[in-house]
**Q** 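Sharing a structure, written as structure tokens. Questions coming.
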Amino acid sequence: GVSFADNDVFTAVYLFDSQLNRVKEVFKYQLPAIKNRLINLLYQSAIFSTYDNKIFVSAFKSLEIKVFDHSGFYLYSIKYPKQYKARPFTLENQNEFRDYLKLKAGEEYELLKDWLVFPDSWPAAAMMTVKDNRVYIITWKLEVGKAEFLIFDLKGKLLKQAYFPFSFQD
């Protein structure tokens with residue numbers, strides 16, 4: 001969900017009971033995507049997945065996954081075992097992104113183009129899922145036709161770091 005406090009916007013993961021009453025806030029993450037009339041379109045919020053009565057939550061900007069039990073009680077974190085070097089966000093990336101926005105947003109792009117800000121690097125994580133006793137993270141590091149995958153066991157041991165065939169779609 002989304003929550004608001006003063007002038008700030010947050011994305012949040014909530015637990016609800018069977019009557020859809022909000023019981024507990026498990027995770028809250030500030031979204032400074034639009035601040036002071038500047039728009040950071042690459043500022044991603046948080047992702048979560050459920051598996052084996054656990055909730056796995058991560059902010060895209062980091063490679064830390066917080067694990068909670070079914071009641072929202074924090075259990076542990078899964079962390080990339082060393083300093084992760086994010087993919088630099090180049091001038092070429094900015095130009096490609098602007099061209100994409102011109103194509104998709106048309107006239108609205110012209111109204112907002114001066115408000116856009118770009119990061120120095122891509123967020124660490126692009127996607128995450130938990131399946132078959134593994135945590136899979138796809139990063140923004142790319143090779144031709146491939147993306148970097150990080151595969152952890154459920155306790156956080158890094159099992160594999162490799163490039164696999166993958167293509168991001170809009």
Side-chain angles (χ1 to χ4, degrees), residues 1-87 89 97 115-142 147-164 166-170:
V2 175
S3 64
F4 301 90
D6 299 318
N7 292 324
D8 293 322
V9 180
F10 298 86
T11 188
V13 175
Y14 299 110
L15 292 180
F16 293 86
D17 65 17
S18 61
Q19 304 301 314
L20 296 180
N21 297 307
R22 187 165 63 184
V23 176
K24 185 174 185 177
E25 179 181 277
V26 175
F27 184 84
K28 187 172 171 180
Y29 183 75
Q30 188 175 8
L31 291 173
I34 301 175
K35 204 164 195 157
N36 300 324
R37 291 191 65 163
L38 296 175
I39 303 170
N40 183 347
L41 292 176
L42 291 179
Y43 193 91
Q44 299 169 319
S45 58
I47 48 178
F48 75 95
S49 185
T50 57
Y51 183 80
D52 195 29
N53 288 318
K54 293 181 181 76
I55 305 165
F56 296 77
V57 184
S58 180
F60 280 103
K61 71 178 184 176
S62 72
L63 289 177
E64 179 180 3
I65 301 160
K66 294 184 179 189
V67 182
F68 301 86
D69 70 10
H70 67 283
S71 69
F73 178 78
Y74 172 79
L75 298 172
Y76 58 93
S77 287
I78 295 172
K79 295 181 183 179
Y80 186 73
K82 54 189 172 196
Q83 182 67 31
Y84 186 77
K85 185 163 173 44
R87 175 182 161 202
F89 197 87
F97 203 87
W115 295 9
L116 299 177
V117 293
F118 295 98
D120 293 330
S121 61
W122 291 82
M127 295 182 215
M128 176 191 73
T129 191
V130 184
K131 185 177 181 175
D132 300 328
N133 292 317
R134 302 285 185 264
V135 178
Y136 299 89
I137 295 177
I138 302 173
T139 76
W140 284 104
K141 288 187 178 177
L142 306 174
E148 181 185 47
F149 281 67
L150 306 175
I151 304 169
F152 296 88
D153 70 13
L154 294 179
K155 291 295 182 185
K157 179 182 177 191
L158 181 62
L159 301 174
K160 188 163 188 84
Q161 180 173 0
Y163 286 83
F164 293 108
F166 188 84
S167 176
F168 290 101
Q169 305 291 319
D170 74 4

**Q** Find the distance between CD (Gln161) and OH (Tyr84) and round it off to the nearest 0.5 Å.
**A**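 So the gap between those two atoms works out to 6.5 Å.
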**Q** Can you measure from CG (Leu142) to CD (Glu148) and round to the nearest 0.5 angstrom?
**A**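 Separation between the atoms: 9.5 Å.
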**Q** Residues two or more places apart in sequence or in another chain: which of them pass side chain to side chain donor-acceptor pair (under 3.5 Å) with Tyr76?
**A**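 Not a single residue meets the side chain to side chain donor-acceptor pair (under 3.5 Å) criterion with Tyr76.
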**Q** Which residues pass the ring-ring contact (aromatic ring centres under 6.0 Å, His included) test with Phe16, not counting sequence neighbours?
**A**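 In terms of ring-ring contact (aromatic ring centres under 6.0 Å, His included), with neighbours along the sequence ignored, Phe16 is linked to no residue.
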**Q** To the nearest 0.5 Å, what is the distance between CG (Leu154) and CD1 (Ile78)?
**A**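 Here the interatomic distance stands at 6.5 Å.
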**Q** What do the steps show when you test Phe97 against Leu116 for side chain to side chain contact (heavy atoms under 4.5 Å, CB included), and what is the final call?
**A** CA-CA 11 Å; Phe97 203 87; Leu116 299 177; 5.8 Å; no
**Q** What side-chain donor-acceptor pairs closer than 3.5 Å can you find for residues 123-138, not counting sequence neighbours?
**A**
from, atom 1, to, atom 2, distance (Å)
Asn133, OD1, Tyr51, OH, 3.2

**Q** Hey, could you give me the CD1/CZ distance between Ile47 and Phe56, rounded to the nearest 0.5 Å?
**A**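 Ile47 atom CD1 to Phe56 atom CZ measures 12.5 Å (nearest 0.5 Å).
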**Q** Taking only residues two or more places apart in sequence or in another chain, which ones pass side chain to side chain donor-acceptor pair (under 3.5 Å) with Asn21?
**A**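 Partners of Asn21 under the side chain to side chain donor-acceptor pair (under 3.5 Å) test: Asp17.
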**Q** Partners of Asp153 by side chain to side chain donor-acceptor pair (under 3.5 Å), sequence neighbours excluded?
**A**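 With neighbours one apart ignored, the set is empty.
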**Q** What I'd like to find out is whether the side chain of Lys141 reaches to under 4.5 Å of the side chain of Trp122, using heavy atoms alone.
**A**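 No, their side chains stay 4.5 Å or more apart.
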**Q** Do Arg87 and Thr139 have side-chain heavy atoms sitting under 4.5 Å apart?
**A**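 Side chain of Arg87 against side chain of Thr139, heavy atoms only: no contact under 4.5 Å found.
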**Q** Could you check Leu75, Val57, Leu15 and say which one makes a side chain to side chain contact (heavy atoms under 4.5 Å, CB included) with Phe68?
**A**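 Only one option passes, and that is Val57.
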**Q** Can you list everything that forms a side chain to side chain contact (heavy atoms under 4.5 Å, CB included) with Phe164? Sequence neighbours excluded, please.
**A**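 By the side chain to side chain contact (heavy atoms under 4.5 Å, CB included) rule, Phe164 matches Phe149, Ile151, Lys160, Ala162.
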**Q** Could you tell me which residues satisfy ring-ring contact (aromatic ring centres under 6.0 Å, His included) with Phe152, sequence neighbours excluded, listed by chain and number?
**A**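 For Phe152 there are no ring-ring contact (aromatic ring centres under 6.0 Å, His included) partners, ignoring immediate neighbours.
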**Q** Just to verify, what does Phe48 make a ring-ring contact (aromatic ring centres under 6.0 Å, His included) with, not counting sequence neighbours?
**A**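 Applying ring-ring contact (aromatic ring centres under 6.0 Å, His included) to Phe48 gives none.
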**Q** Say whether, by atom type as modelled, one donor and one acceptor occur between the side chain of Ser121 and the main chain of Phe89 under 3.5 angstrom.
**A**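 Side chain of Ser121 to backbone of Phe89: no pair is present.
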**Q** With sequence neighbours excluded, tell me which residues meet side chain to side chain donor-acceptor pair (under 3.5 Å) with Ser71.
**A**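 Here the qualifying residues are Asp69.
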**Q** Locate the shortest heavy-atom distance separating Glu64 from Ser77; write the atom from each residue and the value.
**A**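 Closest pair (atom of Glu64, atom of Ser77, distance): OE2-OG, 2.9 Å.
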